[in-house]
Structure formats: C-alpha cells, structure tokens
Amino acid sequence: MEKVIVICGPTASGKTALSIELAKQINGEIISADSMQIYKDMNIGTAKPTQEEMQGIKHYLLDFISPDKRYSVAEYKKDAKKAIKEIISKGKTPIIVGGTGLYVDSLIYEIEYQDIKLDEEYRNELEKIANKDGLEKLYEMAEKIDREAMTKISKKDKKRIMRVLEIYKATGKTKTQQEAESRKKPVEYDYKVFAINWERGKLYERINLRVDIMIEQGLIQEVNDILQKYDKFPTAMQGLGYKEVVDYLNGKYTKQEMIDKIKMETRRYAKRQLTWFRKNKQTVWLDGSKDRQNNINIILEGIN
RNA sequence: GGCUCGAUAGCUCAGUUGGUAGAGCAGGGGACUGAAAAUCCCCGUGUCAGUGGUUCGAUUCCACUUCGAGCCA
C-alpha cells in the first residue's frame, strides 16, 4: 500500500514551511487540505503560500475555486483522491497538508459521499420554516425521519438539523444509514498522520503576530477587492478575517476592535482544530518549537 | 498634608441585613460525515488588598497600613 503523509495542526503552527521542506527532501508534492485556501483572490487572509515559499514544490487544491462558488467535503474528497493518484503515478510521495479536520478525515477514513448536489431551493424552504415556526419545528421534522441521529444533535444546531432533512430529501436515506454506508470501503492508502503543536501561549503569540502581519500586508484592501469583483459568497465569507474586515468596512467596529476580534476568533479556531486532531489516536505529534529538521527526521522515521 | 470614594476570578463589575461569593467577557474542555476558518455543547475556589480589633464566626462592621481615582489646600 502506498504511503501518504498527512501533516495537520492548528493555524499558524508552521505546517506550510515544514511540509515544503519535507517535500524537497523526499521528492514529494503537496495537496492542501484547507477549506479557505481553495479560493482564488483570497491570499493574505488565508495565509496561502506564495510561489516563492513553495520553492518549486507542486501544490494541489490551492487557489482554484472562485469565491462566488460553493465547494464541499464531497468534492474535496474526490479532488484530493485524484491528486494522490496523480502524484503516485509520477513516482512521488503525496503530502496532505492542512488544518481542515473534516477534509483530512474524508481521506484517512475513506468516507464515501454519494453523488448528489445541494438543493438550494429546499434549503431556502427549510430556512423559511425555521424563521416562521422556529428551529424546534425543523428539529421535530428531523426526529420523525431519523430519531437516532437526533440524539446526538443539539436542538440549536441549525446546520446539522437541516442536514438531516436535506440528506433524506436528496437520497431517501436517513443520516444514520448514510453514515453507515459511507464507511464501507477499505482505506486505499497507508496514511501516516502527523500534527504540529506548540505550547498554548506560544501558539497564541504566533497567531496574534500573524494577524498583525496580514493587516500590514493589505488584508483590508484584499477584502475590498473581492467585494468589488464578486457579488456573492456562499461559503468564502466564512473565512476568518474576511467577515470581520467586512464588518469593519460597514462601520461596525473600529480598526483596532476588528484586529482584536480577528485575533480572538483565530485563537478559538486553533483550539477547535486541536480538539479535532487530538481525536485521532494514530497521530504522531510534533513540537513546533523544535528544530525543523528534527521534526522532519521524526516524520521520516515514522513513515518507515 | 486633609477629605471623599474605591480595592472581590486574567479583565469589567455585582453581592454577602456577619455563616468563606457570582455574572459578562477572556480562558479551558468537548462534539463534529456534503456550509467545517462553519455550527453546536459543557466548565466559575478566588489569601473577597494587608494587619489588627469586635464577634461563637469577618470578605461583610471598626481602626490602621498600602495602592488607585477624585476633590480641597
């Protein structure tokens, strides 16, 4: 079974630099697992690696979706599998790098997604019901379809409640059935998962610094530009930094308030990422504050 | 120098008619299968500034000390 290296970890932990150096040493190519770096014209705020940083290492699934388009894990899974195959066919080693746990899991657990597309009309319809009769109404509807799934979903978790209904509408299956079927296929590659972490205070310092640098590099202008260029953002505006700058431009915050808010939200995001990555017990943890080559050596040992 | 007000959780503050205390924010932990940088759940012990006094018992009342804010000299 071919090996695929996975490098995850919270934002600002140093995944990019480590993975590029690793790729150079093992003749690897990189597949991003980042739900925001997929978007074009969103560079500063997503900390997308520049051509210079890439040092000639080929990167996949970066900078290829228009911010006014939708994208989802299902598509990611398909695109990433294709990229893995391509890299292996060239005799190189694929390195998955990114902080979107959902995307990473779709690969390492070989989760199968049926070929369906989002029914926007139905979603709007559900949205209307929620507004009119309250979320409880949707929760009740979902309970009638899949009581088991609902025991694990909060009565306030609108997205997941709606998803139960959407899955049923699109496939005629319950979420519970759907999930059972999604895990039937054996995992196709030997995924070796590594995660970078730092002492919490250090990580937060790095995040704060990174946000200051983004502002200096022109994040506000970048947001202005994409607001000019595109007229809708189904998911891209969920990106950290982007929504806060929009609020600032609309006068909701002062500049300093906006900066502090981005820092805070990014710290919280990092915490959520760590919660996610800690779940996988196979993961080998690297200390980001240690020498980079030392960490690369740990990876090299870990994959053999 | 005098007077007044304050000093309680990392921060902003509430409160205890004397029986060792609680909100918001921050922070921590967790969940996560087609929006995931999203969405959602759970978590509050801190010499109640210090020292003495009164009291069965003081964070609460009293005195002094320290620090801060304001006013008067």
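Please read these numbers as outputs of a predicted model, since none were measured by experiment. Throughout, protein chains are lettered first and strands after them, A, B, ... in sequence-line order, and every chain is numbered starting at 1.
The P atoms of B/G70 and B/C48 are separated by 28 Å, rounded to the nearest whole Å. Across B/A7 and B/U47, the matching P atoms stand 16 Å from one another, rounded to whole Å. Between B/C61 and B/C42, the distance separating the two C1' atoms is 40 Å to the nearest Å. Between B/U54 and B/A58, the two P atoms lie 11 Å apart (nearest whole Å). The P atoms of B/U59 and B/C71 are separated by 34 Å, rounded to the nearest whole Å. Remark: the separation of the P atoms in B/C11 and B/U4 is 28 Å, to the nearest Å. Between the C1' atoms of B/A49 and B/U66, the separation comes to 8 Å (whole Å). A gap of 22 Å separates the C1' atoms of B/G15 and B/G50, to the nearest Å.
Hydrophobic clustering, with ILVMFWY side chains joined whenever heavy atoms are under 4.5 angstrom apart, keeps A/Tyr39 apart from A/Leu118. Following chains of ILVMFWY side-chain contacts shorter than 4.5 Å, one can reach A/Leu274 starting from A/Met36, so the two form part of one hydrophobic cluster.
Stems are defined here as 3 or more consecutive Watson-Crick or G-U wobble pairs with pairing distances under 3.5 Å; those involving RNA chain B are B:1-7 with B:66-72, B:10-13 with B:22-25, B:27-31 with B:39-43, B:49-53 with B:61-65.
Nearest heavy atoms, A/Ala270 versus A/Leu203: CB-CD2, 4.1 Å. The minimum heavy-atom distance linking A/Ala236 with A/Met42 is given by the pair O-CE, 3.4 Å. The two atoms that bring A/Arg70 and A/Pro234 nearest to each other are CG-CB, 3.6 Å, heavy atoms only. Of all non-hydrogen atoms in A/Ser32 and A/Leu61, the two that sit nearest each other are CB-O, 3.7 Å.
Regarding contacts with the backbone of B/G34, every side-chain N or O of A/Gln114 stays at 4.0 angstrom or more from both OP1 and OP2. Phosphate proximity of B/G27 to A/Arg267: present, with a side-chain N or O under 4.0 Å from OP1 or OP2. Taking only side-chain nitrogens and oxygens, A/Arg123 comes nearer than 4.0 Å to OP1 or OP2 of B/A35. OP1 or OP2 of B/G30 sits under 4.0 Å from a side-chain N or O of A/Arg278. Between B/C40 and A/Arg160, no contact under 4.0 Å exists linking OP1 or OP2 to a side-chain N or O. Phosphate contact (OP1/OP2 of B/G34, side-chain N/O of A/Lys77, threshold under 4.0 Å): absent.
A/Ile111 has its CD1 atom 11 Å from the P atom of B/C32, to the nearest Å. In this structure, A/Leu240 places its CG atom 12 Å from P of B/A36, rounding to the nearest Å. In this structure, A/Gln238 atom CD and B/C32 atom P are separated by 20 Å, rounded to whole Å.
Ion pairing between A/Glu140 and A/Lys144 fails under the 4.0 Å rule for side-chain N and carboxylate O. Of the charged side-chain nitrogens involved, at least one lies within less than 4.0 Å of a carboxylate oxygen, so that A/Lys24 and A/Glu21 count as a salt-bridged pair. Ion pairing of A/Lys252 with A/Glu257 is absent here, as no side-chain N (NZ or NE/NH1/NH2) approaches a carboxylate O to less than 4.0 Å. Taking the charged nitrogens against the carboxylate oxygens, A/Glu29 and A/Lys58 have no contact shorter than 4.0 Å, which rules out a salt bridge.
With B/G30, B/G27, B/G34 as the candidates, the nucleotide lying closest to the side chain of A/Thr275 is B/G30. Checking B/C40, B/A36, B/G34 against the side-chain heavy atoms of A/Tyr103 singles out B/A36 as nearest. Side-chain atoms of A/Met264 lie closest to B/A26 of the nucleotides B/C41, B/A26, B/C32. Listed nucleotides: B/A26, B/G34, B/A36. Nearest to the side chain of A/Arg268: B/A26. The listed nucleotides are B/G27, B/C40, B/U33; the one nearest the side chain of A/Lys156 is B/C40.
Not a single donor-acceptor pair, N or O on each side, falls under 3.5 Å between the base of B/G34 and the side chain of A/Lys117. For A/Ser182 and B/U33, a side-chain-to-base donor-acceptor distance below 3.5 Å is present, hydrogens and geometry of angles not being considered. No hydrogens or angles were tested; on distance alone, a donor-acceptor pair under 3.5 Å links the side chain of A/Arg183 to the base of B/U33.
Using a 4.0 Å heavy-atom cutoff across all strands shown, A/Asp34 reaches at least one base atom of the nucleic acid. Across all strands shown, A/Lys152 has no heavy atoms under 4.0 Å from either base or sugar-phosphate atoms. Contacts of A/Ser154 with the nucleic acid, taken as non-hydrogen atoms under 4.0 Å apart, involve only primed sugar atoms and P, OP1 or OP2. Within the 4.0 angstrom heavy-atom criterion, base atoms lie near A/Ile116. The residue A/Thr46 sits close to a base: some heavy atom pair falls under 4.0 Å. A/Tyr71 comes within 4.0 angstrom of the backbone, heavy atoms only, and of no base.
Residue pairs meeting the ring-ring contact (aromatic ring centres under 6.0 Å, His included) criterion with at least one partner in residues 103-137 of chain A, sequence neighbours excluded, are A/Tyr76-A/Tyr103.
For RNA chain B, the neighbouring residues in residues 200-229 of chain A, judged by any heavy atom under 4.0 Å, are A/Arg200, A/Tyr204. Taken residue by residue, residues 1-9 of chain A places no heavy atom nearer than 4.0 Å to RNA chain B. Residues of residues 167-175 of chain A having a heavy atom closer than 4.0 Å to RNA chain B, listed by number: A/Lys175.
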Criterion side-chain contact (heavy atoms from CB on, under 4.5 Å) on A/Tyr168 and A/Asp146, from CA distance to verdict: CA-CA 9 Å; A/Tyr168 187 69; A/Asp146 190 349; over 6 Å; no
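Proximity of A/Arg206 to A/Arg210: side-chain heavy atoms (C-beta onward) are nowhere separated by under 4.5 Å. Contact annotation: the side chain of A/Thr50 never approaches that of A/Asn43 to less than 4.5 Å [non-hydrogen atoms, C-beta and beyond].
The nearest heavy atom of RNA chain B to A/Gly241 and to A/Glu179 marks one nucleotide each, and the one closer to the 5' end goes with A/Glu179.
For A/Glu265 and A/Tyr269, the side-chain atoms include no donor-acceptor pair closer than 3.5 Å.
Within 6.0 Å of atom CD in A/Glu148, 12 or fewer heavy atoms from other residues, nucleotides or ligands are found, so the atom counts as exposed in its surroundings.
The side-chain hydrogen bond (donor to acceptor under 3.5 Å, both in side chains) test applied to A/Glu188 returns A/Lys81, not counting sequence neighbours.
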